[in-house]
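One structure below.
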Amino acid sequence: QDDGSRSLIARWLWGTDGNAQGDYKIFVHVLNEDDEIAAQADVRPGMGTLPPGNWLPGSFREEIRIDITDLPTGSYRIALGLYDATSLAPLIPTDGDEFGRLFVDTIDIDDAP
């Protein structure tokens with residue numbers, strides 16, 4: 001970006017049979033080499049307008065921007081998941097960990113703007 005900031009843009013496609021329920025939020029975590037959260041975003045699906053209880057059958061695209069401007073050089077794992085907006089209890093995805101995280105990618109950050 002022209003102002004010197006850097007962002008990670010997470011994009012994916014949701015698919016649903018229309019039977020989803022509840023009010024869940026999405027989290028995207030950028031984890032450092034010690035598995036600590038270095039950057040994150042927490043939002044409701046549909047750019048804040050589409051809780052799963054309102055999902056119709058079919059699919060829609062999601063895009064979340066995470067500011068990574070202040071992250072030092074290194075390798076980072078990207079994880080995402082859903083959690084209940086009220087109780088904060090995570091949904092446990094297939095192939096996810098006990099914290100409800102699904103690891104989807106790794107990125108390398110260098111000093112170049």
Side-chain angles (χ1 to χ4, degrees):
Q1 295 180 12
D2 291 339
D3 63 2
S5 65
R6 292 194 277 189
S7 295
L8 170 71
I9 300 173
R11 293 183 182 113
W12 63 93
L13 182 68
W14 290 107
T16 177
D17 61 7
N19 291 319
Q21 298 179 5
D23 180 17
Y24 291 93
K25 291 181 84 171
I26 302 166
F27 66 83
V28 179
H29 290 167
V30 180
L31 302 163
N32 66 19
E33 292 173 353
D34 295 323
D35 261 353
E36 299 167 330
I37 298 171
Q40 73 180 58
D42 292 76
V43 299
R44 285 191 164 80
M47 296 169 49
T49 64
L50 198 58
N54 292 346
W55 290 0
L56 299 174
S59 62
F60 65 94
R61 296 187 187 283
E62 188 73 55
E63 180 176 301
I64 297 175
R65 183 178 301 267
I66 301 107
D67 182 8
I68 59 170
T69 303
D70 296 329
L71 296 187
T73 299
S75 184
Y76 296 85
R77 292 195 307 159
I78 310 301
L80 61 91
L82 292 165
Y83 64 92
D84 184 283
T86 304
S87 71
L88 306 182
L91 294 180
I92 305 298
T94 303
D95 297 328
D97 69 7
E98 69 273 15
F99 303 110
R101 300 179 300 189
L102 180 64
F103 294 91
V104 296
D105 207 349
T106 301
I107 62 168
D108 292 314
I109 296 178
D110 59 28
D111 287 330

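- In this structure, Glu62 and Gly46 approach most closely via the heavy-atom pair OE1-N, 2.8 Å.
- Through direct or indirect side-chain contacts shorter than 4.5 Å among Ile, Leu, Val, Met, Phe, Trp and Tyr, Phe103 is connected to Leu31, Ile37.
- Aromatic ring pairs are classed by plane angle as parallel below 30°, tilted from 30° to 60° and perpendicular above 60°; the pair Trp55 and Phe60 is perpendicular.
- Counting side-chain heavy-atom gaps under 4.5 Å among Ile, Leu, Val, Met, Phe, Trp and Tyr, Ile92 is found in no cluster with other residues.
- Side-chain atoms of Ser7 do not come within 3.5 Å of backbone N or O of Ile9 as any donor-acceptor pair.
- With sequence neighbours excluded, the residues satisfying salt bridge (charged side-chain N to carboxylate O under 4.0 Å, His left out) with Asp97 are Arg101.
- Evaluated for a salt bridge (Lys or Arg N to Asp or Glu O under 4.0 Å) with Arg77, the options Asp35, Asp105, Asp108 yield exactly one hit, Asp35.
- Taking NZ of Lys25 as the reference point, atom OG1 of Thr86 lies at 10.0 Å (rounded to 0.5 Å).
- Qualifying side chain to side chain donor-acceptor pair (under 3.5 Å) partners for Glu63, counting only residues two or more places apart in sequence or in other chains: Arg11.
- Partners of Ala39 according to the side-chain contact (heavy atoms from CB on, under 4.5 Å) rule, which considers only residues two or more places apart in sequence or in another chain, are Val30, Ile66, Ile68, Leu71.
- In this structure, Pro90 and Gly100 approach most closely via the heavy-atom pair CB-CA, 4.1 Å.
- For the atom pair Leu13 CG and Arg61 CZ, the distance stands at 5.5 Å (nearest 0.5 Å).
- Heavy-atom neighbours of Glu98 CD from other residues, nucleotides or ligands within 6.0 Å: above the threshold of 12.
- Between the Thr69 side chain and the Arg6 main chain, a donor and an acceptor come within less than 3.5 Å of each other.
- For Leu80, the side-chain contact (heavy atoms from CB on, under 4.5 Å) partners are Trp12, Val28, Val104, not counting sequence neighbours.
- Looking at residues two or more places apart in sequence or on another chain, you find a salt bridge (charged side-chain N to carboxylate O under 4.0 Å, His left out) between Asp23 and Arg44.
- Here the OG-CD1 distance, from Ser75 to Ile107, works out to 8.0 Å after rounding to the nearest 0.5 Å.
- Take Asp84 and apply the salt bridge (charged side-chain N to carboxylate O under 4.0 Å, His left out) test, not counting sequence neighbours, and it matches no residue.
- Of the inter-residue distances, the one linking Ile26 atom CD1 with Ile64 atom CD1 reads 4.5 Å to the nearest 0.5 angstrom.
- Contacts of Glu36 classified as side-chain contact (heavy atoms from CB on, under 4.5 Å), with partners at least two apart in sequence or in another chain: Asn32, Asp34.
- Nearest heavy atoms, Leu8 versus Ile78: CD2-CD1, 3.6 Å.
- By the side chain to side chain donor-acceptor pair (under 3.5 Å) test, Thr73 pairs with Asp111, sequence neighbours left out.
- Qualifying side chain to side chain donor-acceptor pair (under 3.5 Å) partners for Asp17, counting only residues two or more places apart in sequence or in other chains: Asn19.
- Under the 4.5 angstrom side-chain criterion for Ile, Leu, Val, Met, Phe, Trp and Tyr, the cluster partners of Phe27 are Tyr83, Leu88.
- Residue Pro45 comes nearest to Pro52 through the heavy atom pair CG-CD, 4.1 Å, listed as atom of the first residue, atom of the second, then distance.
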